[in-house]
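Here is the structure we will look at.
For clarity, every value in this text was computed on a predicted model and none was experimentally measured. Just so it is clear, the values below take in all heavy atoms, side chains as well, and ignore hydrogens, waters and symmetry mates. Here, residue 1 is the first one in the sequence, and each next residue gets the next number.
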Amino acid sequence: MEKEPLANASLIGLPDSGRVVIGFSGGADSTALAHWTMAQIGRERILLAHVNHCLRGEESERDQGFAENFARRHGLAIQVCRKDVGALARKRRQGLEECGRQVRYGFFARLAPGEKDRVLTAHNGDDNVETMLLNLCRGTGPDGLCGIPRSRGKILRPLLGVTREEIEKYCQANGLDYVTDSTNFSGDYARNRLRLQVIPVLRSLNPRVAQLAGQAAALLRQDRDYLREEALALLERARRPAPEGWGLEAETLLAAPEPLQSRALKLYLEQAGCSGLERRHVEAAGKVLAEGGGGDWPGGVELRCAQGLLWAGQKRPRQAFALPVVLGENPLPGGKILILQKKILPEIENHEKIQNLLFKNSLDYAIMTRTLVARNRRPGDRFSQAGRGVSKPLKQVFQELRIPAPLRGQAVLLECEGKIVWCQGAGAAQGFQPRKGGAAVLTVEIRSQAPPAGASRLGRDEGLE
């Protein structure tokens, strides 16, 4: 089929079955991609996905017609999404590019729901150079110079190692017509100015600028991925040993080199729900870590550092609750799940070892015969921690555990017949801990609810149209 092969195109990462959705605008890049892919896999697997953004009047209708005719001529299935992106952007108060990107990738995600389904986009080597330069002009750090990844989630970019010139030669050699977006020649867009004015100068200095930029990006991605793994390891070292995960030890973070510290802070904020983080947000988090205090971050996240502990979480008004709970999973307010399990203890098990590793978050099952109620703290609450032999105000217990004050209202308590028998972070109350020789224990675990099923990473494409 091909008279001019795309030597550096690649379908690495494509499963041997499943739907292959190709983002198809009708331009040279997507036309070459669709034609080349037909020669690699069966046409029955391919689905062209065309989005009419309704932004260019008759030209938008022309592009849609071209896409439908291309699919018909080559025996390919096609799905078309028509969306007035201009009106939607105004409604959402977004820029046209960002809104259009969300529409496209949301459409692609809906067409590729299966585990082995994949989405192919036609980003090429020249797009990669433009993205790296755009990010550089915006003051990016190393991450922004890593360029466009060949794959992300279900998205594959087979033409990333191919230049735009090679793509146009491929179309010409194979007799492929394509449409041209007139806005590609407008000087109103920064990417166009780079494409039309800057890239030609760079190519005159070195005709292989696209390939060399791709090599540089690949090397930077290796460094970035290594530093990210090291930052994740730093976060794990800094986490408090308690399973509740209340915050990070500030001393551990402060002892780390700044490149790891800043990456760890960014990851921690993202895990807490921050979105759209910029360098200034990470720098502000570093100042909180070093000096204490706190404040609000994007995504409704509160970050604070006190008593040697740094923590971040969603700002939520304190909500009093008291809910009967049973064996199994019990959803609680604030996105938590309380898990209660009955576990039988082998008679030969070393009791002292169990005391140390298991019993803190376990109760004597034999005496848990009444209804258990999960609630948060109330004024006047007192708690007698197992092994301490003294009753204290719950506020004092939380202070000793270094639980941040704004989080104390979210701590889960278990109550039985009016008595607090277990406290999140402190464990079982005196008299309710597992007994030596007991046959069974009731284990208590608190987890955060998982993200919604089916969450996809198809929503970003590094700023490309």
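Under a 3.5 Å cut-off, the side chain of Arg43 and the backbone N or O of His74 do form a donor-acceptor pair. A donor-acceptor pair under 3.5 Å is absent between the side-chain atoms of Asn135 and the main chain of Leu145, judged by distance alone. Using a distance-only test at 3.5 Å, with no hydrogens or angles considered, a donor-acceptor pair links the side chain of His281 to the main chain of Glu278. Using modelled atom types, no side-chain atom of Gln94 and backbone atom of Ala89 make a donor-acceptor pair closer than 3.5 Å. A donor-acceptor distance shorter than 3.5 angstrom exists from the side chain of Asp117 to the backbone of Arg19, with no hydrogens or angles considered. Checked by atom type and distance alone, the side chain of Glu329 never pairs as donor or acceptor with a backbone atom of Leu338 at under 3.5 Å. Not one N or O on the side chain of Asp181 forms a donor-acceptor pair closer than 3.5 Å with the backbone of Val179. A donor-acceptor pair under 3.5 Å is formed between the side chain of Lys154 and the backbone N or O of Ala112. Checked by atom type and distance alone, the side chain of Ser60 never pairs as donor or acceptor with a backbone atom of Asn52 at under 3.5 Å. Within the 3.5 Å criterion, the main-chain N or O of Gly292 finds no donor-acceptor partner in the side chain of Lys287.
When all heavy atoms are compared, the tightest approach of His123 to Ile148 is CB-CD1, 4.4 Å. Closest approach of Cys423 to Leu413, counting heavy atoms only: SG-CD2, 3.7 Å. Counting all heavy atoms, side chain and backbone alike, Tyr268 lies closest to Leu310 at OH-O, 3.8 Å. Shortest non-hydrogen contact noted between Leu303 and Ala285 is CD2-CB, 3.6 Å.
Proximity of the aromatic rings of Phe70 and Tyr178 is defined here by a centroid distance below 6.0 angstrom, and this criterion is not met. For His35 and Tyr170, the gap between ring centers is short of 6.0 Å.
The number of heavy atoms from other shown groups lying within 6.0 Å of CZ (Arg93) does not exceed 12. Arg228 CZ: 12 or fewer foreign heavy atoms inside a 6.0 Å radius.
Note on Glu445 versus Arg447: salt bridge recorded, some NZ/NE/NH1/NH2 to OD/OE distance being below 4.0 Å. A salt bridge is defined here as a Lys NZ or Arg NE, NH1 or NH2 lying under 4.0 Å from an Asp or Glu carboxylate O, and Asp127 with Arg157 fails to meet this definition. Taking the charged nitrogens against the carboxylate oxygens, Lys266 and Glu270 do have a contact shorter than 4.0 Å, which makes a salt bridge. With salt bridges taken as basic N to acidic carboxylate O contacts below 4.0 Å, none links Glu97 and Arg191. A salt bridge is absent between Asp84 and Lys91; no separation between the charged side-chain nitrogens and carboxylate oxygens falls under 4.0 Å. Under 4.0 Å is where a charged nitrogen must lie from a carboxylate oxygen, and between Arg101 and Glu98 at least one such pair does. The pair Glu236-Arg239 meets the salt-bridge criterion, with a side-chain N (NZ, NE, NH1 or NH2) lying under 4.0 Å from an Asp/Glu carboxylate O. With respect to Glu166 and Arg164, no salt bridge is recorded, no charged nitrogen being found less than 4.0 Å from a carboxylate O. With salt bridges taken as basic N to acidic carboxylate O contacts below 4.0 Å, none links Glu229 and Arg263.
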**OP:** Determine, step by step, whether Leu267 and Leu235 satisfy the side chain to side chain contact (heavy atoms under 4.5 Å, CB included) criterion, reporting the C-alpha distance in whole Å, the side-chain angles of both residues, the deciding distance to 0.1 Å, and the verdict.
**Re:** CA-CA 9 Å; Leu267 288 169; Leu235 280 181; 3.9 Å; yes
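For the pair His53/Arg104, a side-chain contact is recorded, criterion being any heavy-atom separation below 4.5 Å from C-beta on.
In terms of the side chain to side chain contact (heavy atoms under 4.5 Å, CB included) criterion, residue partners of Arg72 (sequence neighbours excluded) are, by chain and number, Asn69.
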